[in-house]
Amino acid sequence: MNKLESAIKRALREHGVECRSVFRVPDPDTRRVVLAFNSKENARLTPGKVESLLNDLGIGTFKAQREFQRLSSAFLHLEVEMGARMNPAARSDAK
C-alpha cells in the first residue's frame, strides 16, 4: 500500500470510520480510489461524511460518488476521485 492509500485508511480510522480496504484505480487521466467498508460496522456512514473527512486531510480535494455501491452483502464500496488543490493566491489571480 502506498502513502496515499495508507494515509486515507489511517485518517478514516482516526475519525472512527473503519475502512477495510483502499484500492487505487489504474487510470492515467484521474486519481481514483475505491474504499471498502464493512456494512455492519458502518451503519450510519454516508458518502458525504467520507468526502468531508478526506477533504480535511489537507492532501488534496476529494469528490465521492453520491451513493455506496453494494458489490457484496458484507461490504459497501465507494469510489472517490482526487483532484489537485489549488493555492488560494493562484485562484484569485486567475479571475
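Positions are given from 1 along the sequence.
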Chemist: Does L4 belong to the same Ile/Leu/Val/Met/Phe/Trp/Tyr cluster as V50, with side-chain heavy atoms less than 4.5 Å apart forming each link?
Modeler: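 In one cluster with L4: V50, yes.
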Chemist: Starting from the C-alpha separation in whole Å, work towards a yes-or-no answer on salt bridge (Lys or Arg N to Asp or Glu O under 4.0 Å) for E81 and R31.
Modeler: CA-CA 6 Å; E81 185 174 334; R31 291 179 71 183; over 6 Å; no
Chemist: Does N42 reach the main-chain N or O of E18 with its side chain, forming a donor-acceptor pair under 3.5 Å?
Modeler: yes
Chemist: Which heavy-atom pair separates P47 from A64 by the least distance, and what is that distance?
Modeler: O-CB, 4.0 Å
Chemist: Verify side chain to side chain contact (heavy atoms under 4.5 Å, CB included) between F62 and L53, making sure each step is shown before the conclusion.
Modeler: CA-CA 9 Å; F62 291 86; L53 290 172; over 6 Å; no
Chemist: Give, for atom NZ of K9 and atom CD of E14, the distance between the pair rounded to the nearest 0.5 Å.
Modeler: 13.5 Å
Chemist: L12 and side-chain contact (heavy atoms from CB on, under 4.5 Å): which partner among V17, L57, V22?
Modeler: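 It is V17, the one option of V17, L57, V22 that forms the side-chain contact (heavy atoms from CB on, under 4.5 Å) with L12.
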Chemist: Could you give me the CA-CA distance, side-chain angles and deciding distance for L35 and L54, then say whether side chain to side chain contact (heavy atoms under 4.5 Å, CB included) is met?
Modeler: CA-CA 11 Å; L35 310 174; L54 292 175; 4.2 Å; yes
Chemist: For N2, does its backbone N or O pair with a side-chain atom of E5 as donor and acceptor, under 3.5 Å?
Modeler: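 Confirmed, E5 side chain pairs with N2 backbone.
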Chemist: Please determine whether residues M82 and V33 belong to a single hydrophobic cluster, defined as Ile, Leu, Val, Met, Phe, Trp and Tyr linked transitively by side-chain heavy-atom distances below 4.5 Å.
Modeler: yes
Chemist: In sequence, state the C-alpha distance, the side-chain angles, and the governing distance for K63 and V80, and then conclude on side chain to side chain contact (heavy atoms under 4.5 Å, CB included).
Modeler: CA-CA 6 Å; K63 180 67 178 160; V80 179; over 6 Å; no
Chemist: Between Q65 and L78, what is the shortest heavy-atom contact and its length?
Modeler: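 Here Q65 and L78 meet closest at O-CD1, 3.8 Å.
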Chemist: How far apart are the closest heavy atoms of S39 and S73, and which atoms are they?
Modeler: OG-O, 3.5 Å
Chemist: So, taking the atom named NZ in K3 and the one named CD1 in I8, what distance separates them when rounded to the nearest 0.5 Å?
Modeler: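 One finds 14.5 Å between NZ of K3 and CD1 of I8.
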Chemist: Compute whether any side-chain donor of one residue and acceptor of the other, for S52 and N55, lie under 3.5 angstrom apart.
Modeler: no
Chemist: Carefully, step by step, assess F68 and H77 under the rule side chain to side chain contact (heavy atoms under 4.5 Å, CB included).
Modeler: CA-CA 6 Å; F68 288 107; H77 295 84; over 6 Å; no
